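Every heavy atom of this structure was used, including side-chain atoms; hydrogens, water molecules and symmetry mates were not. Counting starts at 1 for both ligands and their atoms, in listed order. Remember, predicted model here, so these are calculated numbers, not experimental data.
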Amino acid sequence: MRLTLSRALHSQGFGARRACEGLVLHGRVRIGQRVCEDPFEEVDTQGLILEVEGQAWPFHARALLMLNKPAGYECSTRPRHHPSVLSLLPAPLRVRGVQPVGRLDEDTTGLLLITDDGPLIHRLTSPKWHVPKIYEVRTRHPVDAQVAQRLCEGVVLDDDPLPVRAAACEATGSHALRLTLTEGRYHQVKRMVAAVGNRVEALHRSAVGALTLPEDLQPGQWRWLDAEAQPWQPRTGTP
Ligand code: URA
């Protein structure tokens, strides 16, 4: 795709068109080693890496990224008690209107996808698509294979007489479960674990669809995902 430089900057969240023109005219934008002077020069966005005020910024037509959510952050764009996860991202991403894909509780950690692609948010959160999400759960009381089996067979939550089931569940330790859900009800893991007489002490999401949280992505860090990434694709292995 070919765009004028100011339009390319605007699309990436560097501000209003006029502000983007100003960035170029003030010599704040480079491509490679070259300081750009003309806001209306045409650039090829394929593989384009802008450098804006010293910060390298790879062009992404769609913003799609993964964040290792730390505890103490809310997924809401209008947080009430804790900072928003969006405050962990650079300003241009917030300006272009990225949103978390679904919600993790304030005290839940792990893989959170963030995007400005509305249809993708719908596809990943709609119950129709059954995108699996894997949670590592630390429990207050001991767990075993029977507990895991009960969660797979289904438990009744307080807001619906129909049982909800884990798509998969295994005890991974004396106080640890790995639970796969394909729907995303309010506090679902905590309520399911409570329904079997236990309590969640810590909750971490390790995978969504085909994506697994990379081991080297530290809490609070984020990473771009490829333009071709299709997180709803089935998983090909276990994390
Ligand atoms: N289930 C929960 O109870 N909390 C989360 O954050 C995610 C799933």
For Gln188, the atoms of ligand 1 under 4.0 Å from one of its heavy atoms are 1 (N), 2 (C), 3 (O)
For His187, the ligand 1 atoms with a heavy-atom partner under 4.0 Å come out as 1 (N), 2 (C), 3 (O)
Subject >> Lys/Arg N to Asp/Glu carboxylate O, Glu153 vs Arg150, below 4.0 Å >> reply: no
Atoms of ligand 1 under 4.0 Å from any heavy atom of Tyr135, numbered from 1 in the order shown, are 7 (C), 8 (C)
Taking the side chain as every heavy atom from C-beta outward, state whether Tyr135 and Met192 have any atom pair closer than 4.5 Å. no
The atoms of ligand 1 lying under 4.0 Å from a heavy atom of Thr108, numbered in the order shown, are 4 (N), 5 (C), 6 (O)
the protein heavy atom lying closest to atom 4 (N) of ligand 1 turns out to be Asp105 OD2, 2.7 Å
So that I can tick it off, tell me whether Arg140 and Glu201 are bridged by a salt bridge, with the cut-off set at under 4.0 angstrom between side-chain N and carboxylate O. yes
Cationic N near anionic O, under 4.0 Å, Arg191 to Asp160
no
Atom 1 (N) of ligand 1: closest protein heavy atom, distance to 0.1 Å, is Val189 N, 3.1 Å
* Would Val98 end up clustered with Leu9 when hydrophobic side chains under 4.5 Å apart are linked, directly or stepwise? -> yes
Ion pair Asp216/Arg223, N-O distance below 4.0 Å:
yes
The answer for which part of Leu203 has a heavy atom under 4.0 Å from ligand 1 is side chain
Does the N or O separation between Lys190 and ligand 1 drop below 3.5 Å for any pair? yes
